[in-house]
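Heavy-atom basis, side chains included; hydrogens, waters and symmetry copies ignored.
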Number of protein chains: 2
Amino acid sequence: MLRVTKLADYGIVLMTQFASYRESQTHNARDLAAEVRLPLPMVSKILKVLAREGLLVSHRGTRGGYSLARAADGITVADIIRALEGPIAVTECTDKVNGDCDLERVCPVRSNWHRINEAIREALEKITLAEMRRPFPPGLVKLTDPRSVRTFHA
Amino acid sequence: MLRVTKLADYGIVLMTQFASYRESQTHNARDLAAEVRLPLPMVSKILKVLAREGLLVSHRGTRGGYSLARAADGITVADIIRALEGPIAVTECTDKVNGDCDLERVCPVRSNWHRINEAIREALEKITLAEMRRPFPPGLVKLTDPRSVRTFHA
DNA sequence: CCTAATTAGTACTGATTCGGTCTTCAATGC
DNA sequence: GCATTGAAGACCGAATCAGTACTAATTAGG
């Protein structure tokens, strides 16, 4: 588990596909669905959301379609997940702004979850579509031994 | 989203609680539930699974209960998640061993998902219960710029 | 201006999973 | 042997997921 939904999964596949096109060229839902071999209604639905969230721009009418809203290296995996399934929050208490978990005060786990969540979010934030298009270099994310850590982002 | 289930969430809280006890002292489900303020049946169910998966040892009968199977620094967040919700796999295709996704061959995204998944898994693998007990040092996970990466785990 | 193509928006549905409870059985200590 | 505790699993309502269908709005092109 710790699973991303199919919406996000497909969404990333689709966006990666866009990244492999020449820029500013529009492609319609039907052709895209055929290319990535996913059901048209799903593709259609996902593209709509991605457009609404500002990752794609849409062009209606005959010979309309979608194209990337920004350059491929300006769109991250985190962007896509956020667009399709909301803020990245591994647990409920990393999501809600405040005051809902009555354990807040005493829960020693909470602050740690926040950090773990941040780490994951940042990892996804660093991966751009441009990098997804090709096999990206290994070692993108590197773990440091907690015992040897000095300071980092406050 | 990218959410962990409540089972794993609660499981981590419970295990952290164990880590704060003197070792090899057993605690029963009822007391634990009261301490962390979670419903007893849930706590009971989770402890059972954790015992079955070898993270806790159980002692039946009067004055029975559970205790950690290993030292707190030998149990990781990844262990707990795996015990309660199976292998850590962000997408379906990072999970199944092989051959189910007919896109396998052509899908350029697949290998990248694997790496992302590995990164997340490793991050969780590095965080032990001993570290969860207290606020752990910041900068546990550090991202490197893909353009400056040389080599790392093959 | 008409028509075909295409996206926008939304409602709907079946299946699955989640979160949680309950019941029954097995083991253990006193 | 009896009270206490865990083991195992059935069960259920609610939420979410994955996917479909339908209607309205917009545009290009003749």
Checking dC17(D), dG20(C), dT20(D) against the side chain of Lys6(B) (C-beta onward), the nearest is dG20(C)

Met42(B) CE to dC11(D) C1', in whole Å, measures 13 Å

Numerically ordered, the residues 44-61 of chain B set in heavy-atom contact under 4.0 Å with DNA chain D is Lys48(B), Ser58(B), His59(B), Arg60(B), Gly61(B)

Thr76(A) meets the side chain to side chain donor-acceptor pair (under 3.5 Å) criterion, sequence neighbours left out, with Asp79(A)

To the nearest angstrom, the CG-P distance between Leu40(A) and dC22(D) comes to 14 Å

Heavy-atom nearest nucleotide on DNA chain C taken for Asn28(A) and for Pro39(B); more 5' hit belongs to Asn28(A)

- Indicate yes or no: at least one non-hydrogen side-chain atom of Leu68(A) is less than 4.5 angstrom from one of Met15(A). yes

Arg63(A) CZ to dG29(D) C1', in whole Å, measures 11 Å

In whole angstroms, the gap separating C1' of dT16(D) from CG of Leu2(B) amounts to 16 Å

Whole-Å distance, Arg3(A) CZ to dT16(D) P, equals 18 Å

Against the side chain of Thr62(A), the closest entry in dG20(C), dA5(C), dA8(C) is dA5(C)

Taken to the nearest whole Å, NE2/His27(A) to P/dT6(C) is 13 Å

Per atom distances to the Tyr66(A) side chain, the nearest of dA8(C), dT5(D), dT6(C) is dA8(C)

> Is the shortest side-chain N/O distance from Tyr10(A) to OP1 or OP2 of dA18(D) below 4.0 Å?
Replying inline: no

Q) Hey, is the main chain of Thr128(A) close enough, under 3.5 Å, to the side chain of Glu131(A) for a donor-acceptor pair? A) yes

Rounding to 0.5 Å, atoms NE2 (His114(A)) and CZ (Arg121(A)) come to a distance of 11.5 Å

Review point. Can you find a heavy atom in the side chain of Leu129(B) that is under 4.5 Å from one in the side chain of Asp73(B)?
Key: no

Rounded to whole Å, the CG-C1' distance (Asp9(B) to dG19(C)) equals 12 Å

Would Glu125(B) and Arg82(B) pass as an ion pair if we require N to O under 4.0 Å? yes

Check the orientation of Tyr21(A) and His27(A). Use parallel for under 30°, tilted for 30 to 60°, and perpendicular for over 60°.
parallel

